[in-house]
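Values below: every heavy atom of this structure, side chains too, minus hydrogens, waters and symmetry copies. Below, chain A is the first sequence line, B the second, and so on; all start at residue 1. Keep in mind it's a predicted model, so treat the numbers as computed, not measured.
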Protein chains: 2
Amino acid sequence: MPDIKHFDPDAALEAVVRLFWERGVAATGIQEVVDRTGISRSSLYATFGGKQDLYLAALRRYVEQWSRPAFAQLAADPRGLPAVTGFFAELIRLRCRGPYARWGCMIANAHTGPSSTEPAVRQLLDAHHESLVGAMRSVLRTAAARGQLVPGAEPDAAAELLALLAYGVNLRSRTGADPATLEATVTAALTPYAK
Amino acid sequence: MPDIKHFDPDAALEAVVRLFWERGVAATGIQEVVDRTGISRSSLYATFGGKQDLYLAALRRYVEQWSRPAFAQLAADPRGLPAVTGFFAELIRLRCRGPYARWGCMIANAHTGPSSTEPAVRQLLDAHHESLVGAMRSVLRTAAARGQLVPGAEPDAAAELLALLAYGVNLRSRTGADPATLEATVTAALTPYAK
DNA sequence: GGGAACTTGGAACGGTCGTTACAAGTTAAA
DNA sequence: TTTAACTTGTAACGACCGTTCCAAGTTCCC
């Protein structure tokens with residue numbers, strides 16, 4: 001029977017996520033991946049395939065670990081509008097403070113990368129966007145059901161708006177945008193909808 | 001006395017802009033620049049310096065050629081809210097149709113690039129953002145003066161919101177987002193403010 | 001213990017990266 | 001026409017790119 005892996009593929013992939021997330025695929029060499037993960041080129045290629053496969057795996061892991069939980073929590077939040085406020089507050093905090101400050105969103109970053117034309121990547125980006133919009137729609141419908149929205153507000157259109165706003169926040173946070181300004185902008189976006 | 005340049009630096013830089021805009025800096029090699037501009041490595045380095053200088057020059061040219069005129073027109077437009085609608089309509093058209101479709105905005109793209117941490121680039125990105133927000137502020141104040149806004153609307157906060165929305169449009173357009181959806185989203189963003 | 005299945009480290013692959021050096025060519029004042 | 005200033009094409013630089021290959025090591029079934 002075969003030998004067993006001498007490393008934890010999951011931990012290695014996590015290191016790869018952080019590398020690609022912060023610096024981007026194009027700017028990150030395989031050598032850096034080898035150094036940061038501590039595993040050798042052989043093991044890397046045997047486990048994940050080439051760089052493109054590795055990037056795709058990292059993107060998927062990011063979505064599973066960050067986007068999906070956040071979207072699920074948002075969609076299921078029974079509070080309605082306060083859930084949206086909370087979502088953005090947490091987003092802004094994550095993007096501007098702590099270990100991931102100025103990294104932006106790995107998915108948002110991927111939109112401008114050289115692989116964004118590759119079908120698998122594009123499909124992932126589109127699916128991510130649909131998930132975000134869907135979650136926003138859910139929570140806005142909750143808000144509508146709870147009578148929190150002004151008459152005539154359209155949850156579906158507002159959901160798209162809030163999703164694009166999130167991309168804007170993600171992008172601008174990479175240059176060190178002021179979190180207070182971002183917060184105020186989110187407030188300005190929501191105020192007209194609140195009854 | 002010296003020899004004279006055998007090429008048009010401005011035309012060369014224009015070609016460089018398109019190259020970096022569409023594909024990004026990291027994914028574009030000097031050889032491609034040489035091929036597309038038609039000038040040799042020597043002339044390239046003698047005229048523009050290294051790759052980083054070339055990128056910065058291209059960014060500046062993009063701002064001068066695209067952003068500055070658009071922002072100036074927006075800020076000076078006497079119509080108020082219809083000017084905002086027109087700005088986004090033109091933006092979406094440019095991003096989704098014609099020769100620049102799916103290229104996004106070169107400045108938005110630059111946010112995720114490896115050079116976005118370099119001071120000169122970051123400063124340019126921040127200045128660009130301030131210009132856009134400033135133009136939005138101007139046109140919204142015009143709208144307020146013309147009585148187009150609902151009572152209580154804050155032009156300054158709304159200006160930031162519309163700027164971030166523009167970044168979102170730019171980003172999402174790179175994967176081929178539906179222009180009609182984007183239009184509807186812009187409408188949804190403006191509707192609550194219109195009297 | 002023999003041996004098949006698999007992992008691992010390390011060396012090496014050809015290719016491309018951004019950059020530099022230099023000889024030859026061109027220009028116009030002296 | 002000499003000469004200094006400058007441009008241009010070509011060649012080459014060392015470094016790194018992503019990837020592959022292979023010998024050596026490890027594991028577990030037979």
Under 4.0 Å between a Lys/Arg side-chain N and an Asp/Glu carboxylate O for Asp126(B) and Arg172(A)?
-> yes
Is there a side-chain polar atom (N or O) of Ser43(A) under 4.0 Å from OP1 or OP2 of dT8(C)?
-> yes
Taking [atom1] from [X] and [atom2] from [N], how many angstroms apart are they, rounded to a whole number?
X	N	atom1	atom2	value
Asp53(A)	dT19(D)	CG	C1'	12 Å
Ile39(B)	dG9(D)	CD1	P	9 Å
Tyr45(A)	dC21(D)	OH	P	12 Å
Phe48(B)	dT8(D)	CZ	P	11 Å
Phe7(A)	dT7(C)	CZ	P	9 Å

Salt bridge (charged side-chain N to carboxylate O under 4.0 Å, His left out) pairs, two or more places apart, involving residues 58-77 of chain A | Asp10(A)-Arg61(A), Glu14(A)-Arg61(A), Glu64(A)-Arg68(A), Asp77(A)-Arg79(A)
Output the single nucleotide from dT8(D), dT8(C), dT20(C) whose closest atom is nearest the side chain of Lys5(B).
-> dT8(D)
For Phe20(B), check ring-ring contact (aromatic ring centres under 6.0 Å, His included) against everything at least two apart and list the hits.
-> Tyr55(B)
Does Phe88(A) have any ring-ring contact (aromatic ring centres under 6.0 Å, His included) partners at least two apart in sequence or in another chain, and if so, which?
-> none
If an axis is fit to five pairs at each end of the helix from dG1(C)-dC30(D) to dA30(C)-dT1(D), what is the angle between the two, to the nearest 10°?
-> 10°
Would you tell me whether Ser43(A) and Lys5(A) have side-chain atoms, one donor and one acceptor, within less than 3.5 Å of each other?
-> no
Decide whether His128(B) and Ser67(B) meet the rule of one side-chain donor and one side-chain acceptor closer than 3.5 Å.
-> yes
Indicate, yes or no, whether a donor-acceptor pair under 3.5 Å links the base of dT10(D) to the side chain of Ser42(B).
-> yes
Side chain to side chain donor-acceptor pair (under 3.5 Å): pairs with one or both residues in residues 134-150 of chain A, sequence neighbours excluded | Arg141(A)-Asp156(A)
Any donor-acceptor pair under 3.5 Å from Thr28(A) side chain to Gly24(A) backbone = yes
Main-chain N/O of Glu183(A) paired to Thr187(A) side chain as donor or acceptor, under 3.5 Å | yes
Could you list all N or O pairs between the protein and nucleotides 12-17 of chain C that sit under 3.5 Å apart?
none

Closer to the 5' end of DNA chain C via nearest nucleotide, is it His6(A) or Ile4(B)?
-> His6(A)
